[in-house]
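As structure tokens, the structure follows; a few thoughts come after it.
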Amino acid sequence: AVYKKAADAGIKLVFIDSVPANLKFGADYFGLVQADNYVIASAAAEILAEKIGGQGKVGLINNKNSMSHTDMRTRAARETFAKYPGITIAAENTVGADEEGANVGESMLIGNPDIKAIWACWDGPGMSAAAALTNLGKNVYIAAPDLGTDAAYSIASDGLFVGSGAQHPYDQGVAASIIAAAKLAGKETYPVIIVPGEKVTKTNLKVAWDHIFHDTMPKQIADALAK
């Protein structure tokens, strides 16, 4: 309702990742910038498949709130793992917040102690699961779309969170700004602009950081990567 009020007042709206309900392109908003959610989710699944040699059981931590871009991520993970005949999705659960990943990760391992890897819908619950399973002494690979600083440190320091299908949030912001400027200049805009993602592991973390954040890598991560 707040966005609709803004649109009715003539404010030019551009969104990142998702559009609020009941808003119409061209009338209420003038562009949506999304990461390539299918590709980044698939990249995270591929990292895990490679880590376990294409064999074994995996678990999925999905988003309990249905949104187009997170639903697409889950579909991508399932379809990517399905390409590996030796991989079985042994457990799936949902979370609504980062910290819930800890309990979900633990419960997956209790029900399926031979799970080798866990894919998460975003890095927050993936990192929570990684922390919990590290404390339990479990050796389970974890990967997810998105790349926060905690996830990057885990990748750099050989933690359980081993890789990411990363968005380019800086470039998404640039794209959204260009759309807004174009609309203010009276030009036509597109309903959706897709910004490519990037497959990130320890091997390419340093280079990927520059692409993703357009900023200096934090010293703690750089030091861990150099060891």
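For reference, positions follow the sequence shown, starting with 1. Just so it is clear, the values below take in all heavy atoms, side chains as well, and ignore hydrogens, waters and symmetry mates.
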side-chain contact (heavy atoms from CB on, under 4.5 Å) assessment of Asp158 paired with Lys202: CA-CA 8 Å; Asp158 297 314; Lys202 187 175 183 178; 3.0 Å; yes
side-chain contact (heavy atoms from CB on, under 4.5 Å) between Lys64 and Glu100, worked out: CA-CA 11 Å; Lys64 70 170 59 171; Glu100 294 175 17; 3.7 Å; yes
Intermediate values then yes/no, side-chain contact (heavy atoms from CB on, under 4.5 Å), Ile16 and Gln34: CA-CA 6 Å; Ile16 290 179; Gln34 278 196 337; over 6 Å; no
side-chain contact (heavy atoms from CB on, under 4.5 Å) assessment of Val162 paired with Ile47: CA-CA 8 Å; Val162 295; Ile47 289 168; 4.1 Å; yes
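At a cut-off of 3.5 Å, with distance as the only test, a side-chain donor of Tyr38 or Glu79 sits close to an acceptor on the other residue. There is no side-chain donor-acceptor pair under 3.5 Å between Asn62 and Thr94. Judged purely by distance below 3.5 Å, without hydrogens or angles, the side chains of His214 and Asp171 pair a donor atom with an acceptor atom.
With Ser128 contributing its side chain and Asp98 its backbone, the two residues share a donor-acceptor pair below 3.5 Å. Checked by atom type and distance alone, the side chain of Asp123 pairs as donor or acceptor with a backbone atom of Gly148 at under 3.5 Å. Counting only distance, with no hydrogens or angles, the side chain of Asn63 and the backbone of Asn65 share a donor-acceptor pair below 3.5 Å. A donor-acceptor contact shorter than 3.5 Å links the side chain of Asn37 to the backbone of Ala35. In this structure a side-chain-to-backbone donor-acceptor pair under 3.5 Å is present from Asn204 to Thr201. Side chain of His211 to main chain of His168: no donor-acceptor pair is present (N/O by atom type, distance under 3.5 Å, no hydrogens or angles).
Gly105 approaches Ile118 most closely through the heavy-atom pair CA-CD1, 4.3 Å. In this structure, Leu136 and Glu106 approach most closely via the heavy-atom pair CD1-CG, 3.7 Å. The two residues Ala152 and Leu205 make their nearest non-hydrogen contact at O-CD2, 3.6 Å. A pairwise comparison of heavy atoms in Ala166 and Ile40 identifies O-CG2, 3.6 Å as the closest pair. In plain terms, the two heavy atoms of Trp119 and Ala41 that are nearest each other are NE1-O, 3.2 Å. When all heavy atoms of Ala91 and Ile115 are compared, the closest pair comes out as CB-CD1, 4.2 Å.
Note on Tyr190: it clusters hydrophobically with Val14, by side-chain heavy-atom contacts below 4.5 Å among ILVMFWY residues. Both Val192 and Leu23 are part of a single hydrophobic cluster, where members link through side-chain heavy atoms under 4.5 Å apart. One hydrophobic cluster, built from ILVMFWY side chains closer than 4.5 Å, holds both Tyr141 and Phe81. Follow the hydrophobic side-chain contacts under 4.5 Å out from Met217 and you never reach Tyr170; the two are in separate clusters. Hydrophobic clustering (ILVMFWY, side-chain heavy atoms < 4.5 Å, transitive): Val140 and Trp122 are in one cluster.
In this structure, the separation between CD1 on Ile221 and OG1 on Thr216 is 11.5 Å, given to the nearest 0.5 Å. For the atom pair Asp28 CG and Lys4 NZ, the distance stands at 3.5 Å (nearest 0.5 Å). How far CD of Gln220 is from OG1 of Thr149: 8.5 Å, rounded to the nearest 0.5 Å. In this structure, NZ in Lys57 is found 13.0 Å from CD1 in Ile89, a value given to the nearest 0.5 Å. Interatomic distance, CG of Leu133 versus CE of Met108, reported as 10.0 Å (0.5 Å rounding). Atom-to-atom distance recorded for Ile194:CD1 and Asp36:CG is 6.0 Å, nearest 0.5 angstrom.
Residues Lys116 and Val58 form no side-chain contact, since every pair of their non-hydrogen atoms from C-beta on lies 4.5 Å or further apart. The shortest side-chain heavy-atom distance between Val33 and Val195 falls under the 4.5 Å cut-off. Counting only heavy atoms from C-beta outward, the side chains of Pro218 and Trp209 approach each other to under 4.5 Å. Glu198 is not listed as a side-chain neighbour of Leu147, based on a closest heavy-atom distance of 4.5 Å or more. Counting heavy atoms from C-beta outward, Ile61 and Asn93 have side chains that stay 4.5 Å or more apart. The shortest distance between side-chain heavy atoms of Ile212 and Pro169 falls below 4.5 Å.
Between Tyr3 and Phe15, the two ring planes are perpendicular [angle over 60°; tilted spans 30° to 60°]. By the 30° and 60° cut-offs, the orientation of the rings of Phe25 relative to Tyr29 is perpendicular.
Open room surrounds NZ on Lys138; 12 or fewer heavy atoms of other groups in view lie less than 6.0 Å from it. For Asn22, the CG atom is loosely surrounded, since the number of other residues' heavy atoms within 6.0 Å does not exceed 12.
Looking at Arg78 and Glu92, a side-chain N of the basic residue comes within less than 4.0 Å of a carboxylate O on the acidic one, giving a salt bridge. Between Arg73 and Asp146, at least one side-chain N (NZ, or NE/NH1/NH2) sits under 4.0 Å from a carboxylate O, which counts as a salt bridge. Salt bridge status for Glu50 with Lys199: present, with a side-chain N to carboxylate O gap under 4.0 Å. Salt bridge status for Lys219 with Asp223: present, with a side-chain N to carboxylate O gap under 4.0 Å.
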